[in-house]
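Within every chain, numbering begins at 1; the chains are lettered A, B, ... in the order of the sequence lines, protein sequences first and strands thereafter.
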Amino acid sequence: MRCNIARKNEQNSVIEKIVSLSKRRGFVFQSSEIYGGLNGCWDYGPLGVELLNNIKSEWWKAMTYRDDVEGLDAAILMHPKVWEASGHVENFTDPMIDCKQCKARFRLDTLAEFLSGKRKEKAIKQLVQNLEEINSDLLPELKEIVSADLELNDKFTSILEKDKLSEALLSLVSCPQCGTKNSFTKPRSFNLMFKTFLGPVEKEGNAIYLRPETAQGIFVNFLNVQNASRQKLPFGIAQIGKAFRNEINTKNFLFRTREFEQMEMQYFVKPSDDKKYYDQWKEIRMNWYKSLGMTPEKLRYHDHPEDKLAHYAKEATDIEYQFPFGWGEIEGIHNRTDFDLRRHEEFSGKSQKYYDEELKEKYIPYIIETSAGASRAFMAFLVDAYHEEEVKGEKRVVLKFHPKLAPIKAAILPLVNKDGMPEIAKKIETELRPHLKVFYDDKGAIGRRYRRQDEAGTPFCITVDSQTLDDNTVTVRERDSMQQVRIKIPEILDYLIVKLK
RNA sequence: GCGAGCGUAACUCAGUUGGUAGAGUGUCAGCUUCCCAAGCUGAAAGUCGCGGGUUCGAAUCCCGUCGCUCGCUCCA
């Protein structure tokens with residue numbers, strides 16, 4: 001037990017170190033910090049936005065620089081019906097009650113299952129009696145439910161669905177966990193979608209939502225993209241964009257936030273091909289993380305058991321990364337079947353069928369989804385890159401990013417600030433800058449400048465020294481090995497471009 | 001949403017029984033420095049998370065609030 005606590009502290013301290021490094025070096029800041037911060041929102045600083053952009057750009061290249069995937073960027077605001085069709089209005093809302101005494105929480109729609117039949121019957125009977133005594137105008141509504149041909153559980157739940165009756169009934173029921181009577185809070189609704197209003201008038205009919213996932217923007221454009229691009233099944237549509245969820249609890253730095261970015265691809269296939277492409281994309285996506293240097297031992301699949309599947313999914317797996325706080329999902333691969341397109345066909349009245357020339361038949365395609373969190377991938381790459389080493393008795397903190405992801409590709413440093421070295425270094429900087437994100441630094445001792453770049457994850461440091469003045473060569477220091485090679489100044493760019501691949 | 005802990009400079013933290021703030025690191029300027037956080041001199045930087053209250057006086061005590069961490073709950 002003590003061992004667990006010690007390990008837990010150690011794990012947390014890694015996250016703490018990364019959070020403070022992130023702030024100090026300009027990867028991530030807390031949103032609205034000077035006003036005390038905003039829960040679950042984070043800002044990306046100068047280095048952070050480079051890293052994030054590099055991750056997104058690598059994903060975009062991997063996913064759309066292929067002949068069977070098209071790109072898309074749909075609006076964050078969508079027609080409210082989209083979220084009815086998608087099931088979010090229904091499934092994202094859970095009225096909950098808490099017991100004030102023992103703090104147990106129950107979903108209003110499943111409370112009936114926790115109570116014995118006797119207690120439910122007694123409570124309902126009591127409720128009828130109470131309302132009769134005061135001759136309440138709620139009585140007809142209640143009697144209608146009571147006399148209906150329903151199971152006891154359904155009757156009970158139906159009463160709970162009526163606001164006023166629900167309150168009265170709850171006051172007669174004791175908590176299933178601790179048995180305290182009349183201890184429930186009022187039901188509170190936890191809809192995870194952010195609501196706002198379209199147009200200047202804040203009335204309910206104008207309510208729309210910030211999208212809780214980017215996928216729906218792809219589904220509703222399925223036929224637009226298919227027609228415009230003349231793609232045939234199987235083909236995919238890829239999109240990177242922000243999504244919003246009003247999470248009850250945010251957690252673990254960037255892991256659970258209220259505003260986050262998704263990198264999603266929906267692959268449309270013939271229904272009988274679903275398994276084949278599901279397996280294929282599972283593998284492709286796992287390999288993507290490995291190809292960008294993520295530690296393979298810290299990656300795994302987590303298949304969802306059948307009874308835990310989302311309402312739309314036939315098969316689902318997560319790609320998980322082993323964070324210091326435990327395994328966490330960084331991408332989901334789902335077989336969404338024809339659920340989404342069928343629902344949109346139903347709700348919009350517009351056919352979503354694809355005409356298959358070969359089979360000479362129309363059908364709604366199945367969808368294999370790869371849904372990655374850009375913010376979570378960012379955090380995983382950051383955590384994975386973080387290393388502490390001992391060099392000559394001193395601690396060295398180095399972010400070992402894959403060169404493709406590194407925010408700064410090379411730093412140009414004059415060894416000392418004299419003998420014309422700064423001028424030569426400046427000239428090298430000017431030549432490299434149009435091609436690469438580079439950084440010039442002449443402040444402080446050379447060792448300090450190297451360590452600063454290590455902490456930013458810069459893979460190469462180009463140093464101008466006295467030999468440069470003689471033979472026009474510079475040293476190029478590699479971040480991880482700290483080894484240096486001499487390169488002629490005109491060859492630096494080609495050298496770096498090869499190394500950065 | 002509940003419970004516990006925490007919130008002091010950019011970062012990590014001291015700050016005694018209440019008397020209006022310090023260190024290390026970092027940053028900046030200068031000197032020095034031919035290769036891995038070296039040295040010297042100097043400087044900037046904090047409404048002590050925010051708002052109330054108690055007090056002659058609050059970083060310190062009390063209340064509220066916001067934020068962070070952990071646990072519970074939640075995460076279609």
Requested in this report: Ignoring backbone atoms, establish whether A:K23 has a side-chain N or O less than 4.0 Å from OP1 or OP2 of B:rC11.
Outcome: yes
Query raised in the report: Base, sugar-phosphate alone, or nothing: which one does A:N39 contact when heavy atoms must sit under 4.0 Å apart?
Result: sugar-phosphate
Requested in this report: Measure the distance from NE2 on A:H304 to P on B:rA76 and round it to the nearest whole Å.
Outcome: 8 Å
Requested in this report: Take the protein atom CH2 of A:W42 and the nucleotide atom C1' of B:rC68, then report the distance between them rounded to whole Å.
Outcome: 8 Å
Taking pairing as Watson-Crick or G-U wobble with both contacts under 3.5 Å, can you name the mate of [N], or confirm there isn't one?
N: B:rC2; value: B:rG71
N: B:rG7; value: B:rC66
N: B:rA44; value: none

Query raised in the report: Has the side chain of A:D465 got a donor or acceptor that lies under 3.5 Å from a partner of the other kind on the base of B:rC34?
Result: no
Requested in this report: Would you state whether a donor and an acceptor, one from the side chain of A:R448 and one from the base of B:rC36, lie under 3.5 Å apart?
Outcome: no
Query raised in the report: If only atom types and distance count, is the side chain of A:Q239 paired as donor or acceptor with the main-chain N or O of A:A74 below 3.5 Å?
Result: yes
Report summary line: Contacts of A:M482 and A:G444 projected onto RNA chain B by closest heavy atom; the upstream (5') one is A:G444
Query raised in the report: How do A:C41 and A:K418 order along RNA chain B: which one's closest nucleotide is nearer the 5' end?
Result: A:K418
Query raised in the report: Hey, is A:R448 close enough to A:D441 for a salt bridge, meaning N to O under 4.0 Å?
Result: no
Query raised in the report: In whole Å, what separates the C1' atom of B:rU17 from that of B:rA58?
Result: 14 Å
